[in-house]
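So the structure is just underneath, and the comments pick up after that.
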Amino acid sequence: MMKLIRKNYIILGLLVGFVASLSSCVSEVSNIEPISVSIAAKIPGHDISFSTPPTVKLTNYSEGFEKTATANSDGTLTMDGLIPGIYSISVSGRLNAQEGLTVFGSEEPYLIKGNLKDVRILPGQVAQPLGVELDGARAVNILFKEIYYCGSKTPAGGVYFRDQFYEIYNNGAETFYLDSLCLSNVSPASGTPYSWPADPTNPTADPNKDYVYGLQVWMIPGTGKDHPLLPGQSIVIAQMAADHRSTPTLNPNSPVNLGSADYETYIKRADGLSIDYPAPNMTPAYLKTQMNQWLTSVFGPAMVIFKLDHKFDDSYEALPIGKTTAGFRAYRIPKKYVLDAVDCVPDPSKYNQKRIPAVLDAGFMSLSGTYIGKSIARKVLGTNSDGHIVLKDTNNSSDDFEIENTPVIRRYLK
């Protein structure tokens with residue numbers, strides 16, 4: 001009997017201790033004071049007054065907490081009311097043509113970006129102000145409008161990825177010629193980004209910020225002005241330009257009919273089983289890896305469209321630092337040639353898997369699933385005086401895109 005009573009006292013004591021400890025924790029949490037952080041966003045080597053002050057966004061992904069504010073004209077601000085945690089900081093803005101001339105030597109508008117990852121914002125542990133270096137990319141009007149990459153399920157429960165497509169839109173007021181326009185997925189296909197060696201032709205450039213690295217590059221053929229893209233129009237590039245829903249050998253559960261695609265990324269298989277559908281074929285400008293069809297990552301690709309002023313050759317190849325196998329080779333693309341970029345990751349917690357420099361895409365998108373038949377599409381801002389839709393473009397995919405439950409080619413267009 002005494003043993004039983006003693007045991008009950010011990011259990012009661014443990015419970016009291018646990019409750020006291022829990023109460024202490026609750027008290028500590030409730031007593032946490034909001035934190036204020038000062039931020040200074042600058043373009044290195046330039047002390048300008050922004051005609052349009054940049055926007056600053058702090059995101060704590062683990063807590064689902066986000067706060068956005070507009071900086072002062074000198075790029076500084078103090079952000080109040082933050083909860084303790086680890087943050088990603090992104091800054092985005094725009095320079096007018098005169099500011100672009102002053103900073104970058106080219107009289108045209110620029111989108112400016114900068115970010116910091118894994119910033120620990122804790123009481124008494126923040127070195128202030130937090131400095132964010134900004135860089136700029138030309139504000140161009142040729143954009144990714146919709147990307148469908150995750151694939152779909154077959155009636156038997158299998159996986160299907162041949163219905164991927166990429167839609168490109170003319171968001172401007174002038175005709176754009178598609179000749180030599182390139183589409184590429186960026187290295188690595190998925191996972192942790194690599195570190196890259198210096199460019200021997202431009203050793204002062206930062207190899208990890210001033211370039212993207214194309215895994216496979218497809219080009220629209222033409223001599224210069226063979227393929228005009230008018231304002232308010234788009235083109236659809238399909239992995240396989242077929243009606244995937246009604247073709248018995250494909251996937252009746254696919255959400256898309258790509259039979260009207262403008263181009264396809266056709267690869268002739270050695271076994272003769274590939275089908276060349278009627279859409280014009282893209283030119284494989286850089287396709288070193290042997291494959292039976294082009295497949296971008298269903299987990300979340302990083303995609304770019306660009307135009308070069310030089311021909312493709314092996315002198316622009318690069319191997320990631322620490323990699324020696326030829327299969328890791330990629331094509332070095334300077335950021336100045338990139339017209340648009342979209343970074344996608346498997347889920348928001350994998351934001352450190354971003355492969356595209358912040359100046360080209362300060363954010364990312366995620367479908368948080370594979371083979372679920374969803375796409376990402378750019379948001380609509382409105383229509384211009386000619387009646388063409390105007391799509392949102394801030395070089396921040398997190399803000400510019402939204403998830404669509406059903407992919408639709410030429411969405412919104414007449």
Side-chain angles (χ1 to χ4, degrees), residues 88 90-94 104 109-115 117 134-149 164-172 176 178 181-190 193-194 196 205-220 234-235 237 285-286 296-297 299-308 318 330-345 350-367 375-379 391-402:
S88 175
S90 66
V91 181
S92 60
R94 188 181 182 94
F104 297 107
Y110 279 79
L111 296 175
I112 52 171
K113 299 289 174 183
N115 70 354
K117 298 180 183 178
L134 303 179
D135 199 357
R138 290 182 302 133
V140 296
N141 292 310
I142 302 302
L143 311 172
F144 282 109
K145 177 174 170 287
E146 186 155 351
I147 300 176
Y148 169 53
Y149 64 81
Q164 294 177 328
F165 75 81
Y166 318 86
E167 184 170 355
I168 297 169
Y169 181 72
N170 186 344
N171 205 38
F176 179 86
L178 296 166
L181 181 73
C182 295
L183 168 73
S184 180
N185 53 327
V186 171
S187 178
S190 61
Y194 301 133
W196 297 89
D206 186 325
N208 299 302
K209 293 182 179 180
D210 295 332
Y211 302 85
V212 293
Y213 297 85
L215 281 173
Q216 295 93 26
V217 181
W218 295 88
M219 179 188 292
I220 295 177
S234 69
I235 59 165
I237 299 172
Y286 181 82
T296 58
S297 173
F299 299 98
M303 305 296 301
V304 293
I305 48 177
F306 63 97
K307 264 194 174 186
L308 299 178
Y331 198 86
R332 186 185 283 114
I333 305 165
K335 66 183 182 184
K336 66 179 181 180
Y337 298 121
V338 175
L339 303 179
D340 195 28
V342 177
D343 215 335
C344 302
V345 298
K350 303 292 195 306
Y351 64 91
N352 280 329
Q353 293 186 11
K354 264 185 61 62
R355 290 139 288 183
I356 292 176
V359 66
L360 299 176
D361 185 0
F364 61 86
M365 282 298 292
S366 171
L367 293 176
S375 66
I376 61 171
R378 200 176 285 272
K379 298 174 184 176
L391 301 178
K392 187 175 183 180
D393 178 33
T394 65
N395 278 15
N396 187 326
S397 292
S398 300
D399 295 332
D400 295 344
F401 282 81
E402 56 193 355

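Please read these numbers as outputs of a predicted model, since none were measured by experiment.
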Do the ring planes of Y351 and F364 sit parallel (below 30°), tilted (30 to 60°) or perpendicular (above 60°)?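 Y351 vs F364 ring planes: parallel.
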
Measure up the Y211 and Y213 rings against each other and bin them: parallel (under 30°), tilted (30 to 60°), perpendicular (over 60°).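 The arrangement is tilted - the two ring planes meet at 30° to 60°.
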
Between [X] and [Y], which heavy-atom pair has the shortest distance, and what is it?
X	Y	value
N115	S90	CB-CA, 4.1 Å
A341	I356	CB-CD1, 3.7 Å
G363	K354	O-NZ, 2.9 Å
I376	C344	CD1-SG, 3.8 Å
L215	P188	CD1-C, 4.2 Å
S397	V342	OG-CG1, 3.6 Å

Tell me, with the steps shown, if L181 and L339 meet side chain to side chain contact (heavy atoms under 4.5 Å, CB included). CA-CA 9 Å; L181 181 73; L339 303 179; 3.6 Å; yes

Test E146 against F165 for side chain to side chain contact (heavy atoms under 4.5 Å, CB included), laying out the working first. CA-CA 8 Å; E146 186 155 351; F165 75 81; 4.1 Å; yes

With rounding to the nearest 0.5 angstrom, report the CD1 to CD1 distance, I305 to I237.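 CD1 of I237 is found 8.0 Å from CD1 of I305.
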
Can you measure from SG (C182) to CG (L178) and round to the nearest 0.5 angstrom?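 C182 atom SG to L178 atom CG measures 11.5 Å (nearest 0.5 Å).
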
Can you find a heavy atom in the side chain of [X] that is under 4.5 Å from one in the side chain of [Y]?
X	Y	answer
L360	V212	yes
S184	W218	no
P301	V186	no

Under the 6.0 Å and 45° cation-pi test, does K145 pair with F401?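 No, K145 does not sit over the ring of F401.
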
Full working for side chain to side chain contact (heavy atoms under 4.5 Å, CB included) between I235 and I220: CA-CA 11 Å; I235 59 165; I220 295 177; 3.7 Å; yes

Using distance alone, with no hydrogens and no angle criterion, decide if Y166 and T296 have a side-chain donor and acceptor under 3.5 Å apart.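 Side-chain D/A pair, Y166 to T296: present.
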
Would you say the side-chain atoms of N396 and S92 include a donor-acceptor pair closer than 3.5 Å?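 No.
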
Polar side-chain atom of [X] near backbone of [Y] as donor-acceptor pair, under 3.5 Å:
X	Y	result
N395	A362	no
S366	V345	yes
Q164	Y149	yes
K379	D399	yes

K209 NZ: over 12 foreign heavy atoms closer than 6.0 Å: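 Result for NZ/K209: open.
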
Take a 6.0 Å sphere around OH of Y286 and say whether it holds more than 12 heavy atoms from other residues, nucleotides or ligands.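 Atom OH in Y286 is crowded, with more than 12 foreign heavy atoms closer than 6.0 Å.
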
Measuring centre to centre across the rings, with the benzene-like ring taken for any Trp, is Y110 within less than 6.0 Å of F104?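 Centroid distance Y110-F104: below 6.0 Å, so yes.
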
Output, in order, the C-alpha distance, side-chain angles, deciding distance and verdict of side chain to side chain contact (heavy atoms under 4.5 Å, CB included) for L183 and M303. CA-CA 7 Å; L183 168 73; M303 305 296 301; 3.8 Å; yes

Who are the ring-ring contact (aromatic ring centres under 6.0 Å, His included) partners of F306, not counting sequence neighbours?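 None.
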
Any salt bridge linking D340 with R378? Criterion: basic side-chain nitrogen under 4.0 Å from a carboxylate oxygen.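 A salt bridge links D340 with R378.
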
Flag the pair R355 and D343 as a salt bridge only when some basic side-chain nitrogen lies within less than 4.0 angstrom of an acidic carboxylate oxygen.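 A salt bridge is present here (some side-chain N lies under 4.0 Å from a carboxylate O).
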
N171: what forms a side chain to side chain donor-acceptor pair (under 3.5 Å) with it, not counting sequence neighbours?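 Applying side chain to side chain donor-acceptor pair (under 3.5 Å) to N171 gives none.
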
Which residues pass the side chain to side chain donor-acceptor pair (under 3.5 Å) test with S297, not counting sequence neighbours?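 None.
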
